[in-house]
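Computed from heavy atoms alone, side chains included, the values below leave out hydrogens, waters and symmetry copies. Atoms within each ligand, like the ligands themselves, are counted from 1 in listed order.
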Amino acid sequence: MSVGVDPIVFAASLLILFLSWKLLTRTKPFLPPGPRPLPIIGNALLWPNDSLAYHLEPWRKRFGDIIRLVVLGKPVVFLTSHKDASALFDKRGSIYSNRPPLTMVRECCEASRMVPRYGAESRVPRKMMKEILKPSSLAAYDTILKDENLKLLTGLLESPDDFPHQLRRMSTSFVLRVIYGYKMASDDDYFVKLGEKGVQIFERACVGAWAVNFFPSLRFLPGWLPGVQFKRTASQWRETLKEWREAPYQFTKSQLAEGEANHSFVADLLEYRQFLLDDEEYEEAVKFAAVTLYGGGADTFVASMWSFILAMTLHPEIQKKAQAEIDGVTRGERLPDFSDLKFMPFVEAVFQETLRWGCPVTLSLPHFVDVDDEYKGYIIEKKTTIVGSLWHFLNDTSLYQNPERFDPTRFSERNECLASAFAFSVGRRRCPAAHLAEKTIRLNIARVLATFDIRPPLNAKGDEVMPEVVWNKDVIRHPQRFNCRILPRSKDTLRLIQRELAGIEKSSLRVPETAPSSSFSPTC
Ligand code: HEM
């Protein structure tokens, strides 16, 4: 008896076998790896009070560049490689540029537009910032930038030991002038105090471990219930945040009405209306864009310049080399101007290295993905918060030789990847004020070097003793307080500053050349 096999049945069996084999051996996308979460609380116990950038390294070594944590059921993914950050925040920017719900600040404090969601909410303020803060528009602020620099130099002459305070004062004054055209009267100025309080509240509302950020429906509970303290806190904060965005805005508006407004971000937007919104909506957009800039700019300049002063204290040879370059351009007869900077490649390298080594912002603001996605074989679930660890990008050994060393020659001689490519994050939520920040820090670095020697402190025997390098552990990174001597380079220093001050006063409407473009070509 012959056993006949129907060819159709045979072919169908083969096909089923093949499909089953494919199905069984298919590589399933997995969630990104990370420390094992506990039931319910997840990895909440591992969550530190300071910046997570400093805690990621052991996990990066164990799990790789993409690390997933879970807190109270909410996934948070950290990216420690700039390539992954560019792939997601930039190339897939249409789905990775949102911000997480942040219910405490958005709903409870009624300040949703200070952390705008990607799309309709972020489009207008981003466009406003882009327009007013693009390199070609920034020349209009040159006089302010130089004037504020002179105040810093004068402050350093008067009380050099108090340099962190001088930096903070300059930063606040500069931000108030650029955004609102407001000249602060003193450290006790109402707008200064209001801004300090506003920044503090905003940061606490955003980064504090508020239960309502994890369980947004808690916001509907009545405020008198025990354990709902956050609602009482939020109602106080709401008032301060409102006053913070209203008061300086109304100042500029009334100055404009009286024809006395100084040039500023807000005055520009109110005068040359460019967006098709009704009046109320337009004004709200300007107010929020302005106050968000205030929040972004308040501490970052201070952090960068503070790191620069530490680097110069530790490296007198680098300082001398940069000073020689500056003197070669100005002949020591004037302060460097924006147009001089393109002839100072080593000073540019010091600026880049200050951004890299100092890393003023260690983590990107949190991004948020609204849809499920797959990347490098991992599932990135919808509603995942994603954070780029900028500190890792700027200390990546595949990009930077001995990244722990402050070494500007990595840019002036070795063509390593420019720090400005990462320090401001990447993609569609990259810092909108990056050009302004770069321009300000560049000029201040060049002018401080032109006028001062920064030296280590002396011990009882009169010997120089290098300060210890200790950093704070916050998201905004700067060194811990250290001692140094900031000495005028010569008796001409005061004369140089005074001469420049007189020039600024005489021609406060002068609009000098635009900022130089970097003289390096990045290798990444
Ligand atoms: C060295 C100086 C600065 C650094 C390193 C820096 C860095 C950053 C970083 C890393 C972000 C988050 C980007 C992301 O989420 O991916 C950011 C956002 C932002 N920065 Fe800066 N920044 C600096 C100076 C400034 C200044 C001077 C201002 C304002 C005058 C400013 C305004 C902002 C604003 C408004 C945002 C939020 C953008 C958004 O949500 O779309 N920053 N910055």
Side-chain angles (χ1 to χ4, degrees), residues 51 53 79 82 85-86 88-90 93 96-100 102 105-106 112-119 121-130 132-133 138 141 144-145 148 167 170-180 195 199 202-203 206 264-266 288-308 351-352 354-368 385-391 393-394 419-442 444-445 475-478:
S51 170
L79 308 174
H82 70 95
S86 298
L88 300 185
F89 293 171
D90 197 3
Y96 281 91
S97 300
N98 217 340
R99 297 282 187 223
L102 294 172
V105 71
R106 287 179 60 87
S112 53
R113 295 195 206 184
M114 288 187 77
V115 274
R117 295 187 54 79
Y118 184 66
E121 224 175 57
S122 68
R123 199 168 300 125
V124 170
R126 289 283 308 191
K127 271 193 181 155
M128 287 174 168
M129 294 175 195
K130 202 171 164 198
I132 310 275
L133 303 177
L138 283 181
Y141 296 101
I144 297 179
L145 263 49
E148 291 304 325
L167 293 175
M170 190 221 134
S171 168
T172 310
S173 177
F174 149 78
V175 163
L176 277 169
R177 277 183 81 178
V178 169
I179 302 175
Y180 299 103
V199 169
F202 178 62
E203 283 175 6
C206 284
S264 70
F265 176 81
V266 170
F288 270 101
V291 81
T292 314
L293 280 174
Y294 196 154
D299 291 334
T300 41
F301 170 81
V302 180
S304 316
M305 289 300 292
W306 198 333
S307 305
F308 160 74
F351 158 72
Q352 289 288 339
T354 298
L355 276 188
R356 193 202 64 78
W357 182 77
C359 182
V361 181
T362 50
L363 296 173
S364 75
L365 290 175
H367 291 226
F368 192 70
T385 296
I386 321 230
V387 182
S389 177
L390 310 181
W391 185 88
F393 308 169
L394 293 168
S420 49
F422 306 130
F424 299 95
S425 188
V426 293
R428 299 184 191 187
R429 296 309 283 258
R430 184 176 190 263
C431 176
H435 298 299
L436 173 69
E438 287 186 23
K439 189 171 179 171
T440 314
I441 299 167
R442 274 193 187 106
N444 279 281
I445 284 182
V475 172
I476 306 283
R477 181 174 186 257
H478 60 72

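- Among all protein heavy atoms, the one lying closest to atom 1 (C) of ligand 1 is Ser304 OG, 3.3 Å.
- Atom CZ of Arg477 is separated from atom CG of Asp299 by 15.5 Å, given to the nearest 0.5 angstrom.
- Taking any N or O of Arg430, backbone or side chain, none lies under 3.5 Å from an N or O belonging to ligand 1.
- Of the N or O atoms in Leu365, one or more lie within a sub-3.5 Å distance of an N or O in ligand 1.
- Residue-ligand proximity: Leu133 is placed with every non-hydrogen atom at 4.0 Å or more from ligand 1.
- The ligand atoms of ligand 1 that sit less than 4.0 angstrom from a heavy atom of Thr292 are 35 (C).
- In terms of polar-atom proximity, Ser425 is counted as a contact of ligand 1, with an N or O under 3.5 Å from an N or O of the ligand.
- The shortest contact between atom 40 (O) of ligand 1 and any protein heavy atom is with Arg99 NH2, 2.8 Å.
- Looking at Arg177, its side chain never comes within 3.5 Å of a backbone N or O of Ser264 through a donor-acceptor pair.
- Among protein heavy atoms, the minimum distance from atom 13 (C) of ligand 1 is reached at Arg429 O, 3.1 Å.
- In terms of protein heavy-atom proximity, atom 20 (N) of ligand 1 is nearest to Cys431 SG, 3.2 Å.
- Within the 4.0 Å heavy-atom cutoff, Ser122 does not count among the residues contacting ligand 1.
- Between the choices Pro366, Gly296, Pro432, the shortest heavy-atom distance to atom 19 (C) of ligand 1 belongs to Pro432.
- Per-residue contacts place Leu390 under 4.0 angstrom from the following atoms of ligand 1 (heavy atoms of the residue considered): 10 (C).
- Heavy atoms of Arg428 come nearer than 4.0 angstrom to ligand 1 in no pair at all.
- Those atoms of ligand 1 that come under 4.0 Å of a heavy atom in His367, given as number and element, are 14 (C), 15 (O), 16 (O).
- Here the protein heavy atom with the shortest distance to atom 2 (C) of ligand 1 is Thr300 CB, 3.5 Å.
- Ranking the protein heavy atoms by distance from atom 27 (C) of ligand 1 puts Gly297 CA, 3.6 Å first.
- In this structure, Phe301 has no heavy atom closer than 4.0 Å to ligand 1.
- Under a 4.0 Å criterion applied to the non-hydrogen atoms of Ser364, ligand 1 contributes the atoms 14 (C), 16 (O).
- Of all atoms in ligand 1, listed by their number and element, those nearer than 4.0 Å to a heavy atom of Ile441 are 1 (C).
- Nearest non-hydrogen protein atom to atom 9 (C) of ligand 1 is Phe424 O, 3.9 Å.
- The distance from ligand 1 to the heavy atoms of Ala423 drops below 4.0 Å at these ligand atoms: 5 (C), 7 (C), 10 (C).
- Atom CZ of Arg123 and atom NZ of Lys130 lie 12.5 Å apart (nearest 0.5 Å).
- Ion pairing of Glu121 with Arg106 is present here, as a side-chain N (NZ or NE/NH1/NH2) and a carboxylate O approach within less than 4.0 Å.
- Closest to atom 31 (C) of ligand 1 by heavy atom, among Ala433, Ala437, Gly427, is Ala433.
- For ligand 1, the atoms lying closer than 4.0 Å to a non-hydrogen atom of Arg126 are 38 (C), 39 (C), 41 (O).
- How far CD of Gln352 is from CZ of Arg356: 11.0 Å, rounded to the nearest 0.5 Å.
- Atom-to-atom distance recorded for Leu436:CG and Leu293:CG is 8.5 Å, nearest 0.5 angstrom.
- Formation of a donor-acceptor pair under 3.5 Å by the Ser171 side chain with backbone atoms of Ala298 is found in this model.
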Carefully, step by step, assess Asn444 and Phe301 under the rule side-chain contact (heavy atoms from CB on, under 4.5 Å). CA-CA 10 Å; Asn444 279 281; Phe301 170 81; 3.8 Å; yes

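- No heavy atom of Glu438 sits closer than 4.0 Å to any atom of ligand 1.
- A side-chain contact (heavy atoms from CB on, under 4.5 Å) with Ser97 is found for one member of Arg126, Arg428, Arg117 and no other, namely Arg428.
- Each of Ile132, Leu145, Thr440 was evaluated against Val178; a single residue qualifies, Leu145, per the side-chain contact (heavy atoms from CB on, under 4.5 Å) test.
- Scanning the protein heavy atoms around atom 30 (C) of ligand 1, the nearest turns out to be Leu293 O, 3.6 Å.
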What's the verdict on side-chain contact (heavy atoms from CB on, under 4.5 Å) for Lys439 and Tyr141, showing C-alpha distance, side-chain angles and the deciding distance? CA-CA 10 Å; Lys439 189 171 179 171; Tyr141 296 101; over 6 Å; no

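- Here the CH2 atom belonging to Trp391 is positioned 10.5 Å from the OG1 atom belonging to Thr362, to the nearest 0.5 angstrom.
- Residue Val361 has at least one heavy-atom neighbour below 4.0 Å for each of these atoms of ligand 1: 4 (C), 5 (C), 6 (C), 7 (C), 10 (C).
- Aromatic ring pairs are classed by plane angle as parallel below 30°, tilted from 30° to 60° and perpendicular above 60°; the pair His367 and Phe89 is parallel.
- Under the 4.5 Å side-chain criterion, counting only non-hydrogen atoms from C-beta, Leu365 is not in contact with Arg429.
- Residue-ligand proximity: Val175 is placed with every non-hydrogen atom at 4.0 Å or more from ligand 1.
- A distance of 5.5 Å separates CG of Leu355 from CD1 of Ile441, quoted to the nearest 0.5 Å.
- Ring pair Phe393/His82 is perpendicular by interplanar angle, where above 60° counts as perpendicular and below 30° as parallel.
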